[in-house]
Amino acid sequence: MNLLKMKVVVDSATQNNATFDLNNCVGFTVINNGATDCTIHYQGGAALMTVAKGTAREFPGHSGYTFFGTMQIKFVGATKGDVEIIKSIASTEES
C-alpha cells in the first residue's frame with residue numbers, strides 16, 4: 001500500500017506581524033502562551049479570528065484538501081507575545 005508522508009513542523013511568533021506559511025498544510029493549531037490575545041490574518045488582510053491568551057485554536061483540514069497562503073499574527077494591545085504554531089505538512093512522496 002502506498003501511503004503519503006506527513007511531517008510535523010513547529011513555528012513560533014513573538015513579534016507583531018510575524019508570518020507563517022500554510023502551503024501543503026493539512027491542519028494546524030495556534031497556541032497562545034502569551035499575556036495578551038492575538039489575532040490571525042491572511043498576510044495583509046483583515047483579522048479572521050482571535051485566539052485568547054492561554055488558549056489554543058485548532059484548524060483541522062478536510063479530506064483531500066490542504067491550506068495555502070501566508071498567515072500573520074498580531075498581538076492585541078502589545079507588540080510582543082508568545083505563540084506556537086503546530087502544522088501537519090503533507091509531502092508529495094509516497095512510502
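In the hydrophobic cluster analysis, where Ile, Leu, Val, Met, Phe, Trp and Tyr join through side-chain heavy atoms closer than 4.5 angstrom, Ile89 is grouped apart from Met6. In this structure, Ile73 is not a member of the same hydrophobic cluster as Ile31, with clusters built from ILVMFWY side-chain heavy atoms closer than 4.5 Å. Hydrophobic clustering of Ile, Leu, Val, Met, Phe, Trp and Tyr side chains at less than 4.5 Å, counting indirect connections, keeps Met71 apart from Val9.
For Asn23 against Gly69, the heavy-atom pair with the smallest separation is OD1-N, 3.0 Å. When all heavy atoms of His41 and Gly45 are compared, the pair lying nearest together is ND1-O, 3.1 Å. Taking all atoms of both residues into account, the shortest heavy-atom contact from Cys25 to Gly27 is SG-O, 3.1 Å. Closest non-hydrogen pair, Gln43 versus Gln72, comes out as CA-OE1, 3.6 Å.
With hydrogens and angles disregarded, no donor-acceptor distance shorter than 3.5 Å links the side chain of Asn32 to the backbone of Val83. Thr36 places a side-chain N or O within 3.5 Å of a backbone atom of Val76 that can act as its donor or acceptor partner. The backbone N or O of Ala78 sits less than 3.5 Å from a side-chain atom of Asn16, completing a donor-acceptor pair. The backbone N or O of Val26 sits nowhere less than 3.5 Å from a side-chain atom of Lys87 that would complete a donor-acceptor pair.
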side-chain contact (heavy atoms from CB on, under 4.5 Å) assessment of Glu84 paired with Val10: CA-CA 7 Å; Glu84 286 181 295; Val10 179; 4.3 Å; yes
Please lay out, stage by stage, how Phe67 and Phe59 fare under the test ring pair (Phe, Tyr, Trp, His ring centres under 6.0 Å). CA-CA 10 Å; Phe67 291 96; Phe59 301 89; 7.1 Å; no
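Atom OG1 of Thr50 sits about 8.5 Å away from atom CD1 of Ile40, to the nearest 0.5 Å. Between atom OG1 of residue Thr29 and atom CD of residue Glu58 there is a gap of 4.5 Å, rounded to the nearest 0.5 Å. Distance check, rounded to the nearest 0.5 Å: CZ of Phe28 to CG of Asp11 gives 11.0 Å. The CD1 atom of Ile86 sits 11.5 Å away from the OG atom of Ser12 when rounded to the nearest 0.5 Å. If you take CZ on Phe68 and CG on Asn24, they are separated by 11.5 Å, rounding to the nearest 0.5 Å.
In this structure the side chain of Lys74 reaches within 4.5 angstrom of the side chain of Asn17, judged on heavy atoms. Side-chain contact between Leu48 and Tyr42: present, with at least one pair of heavy atoms (C-beta onward) separated by less than 4.5 Å. Between Thr70 and Phe20, the closest side-chain pair of non-hydrogen atoms is not below 4.5 Å.
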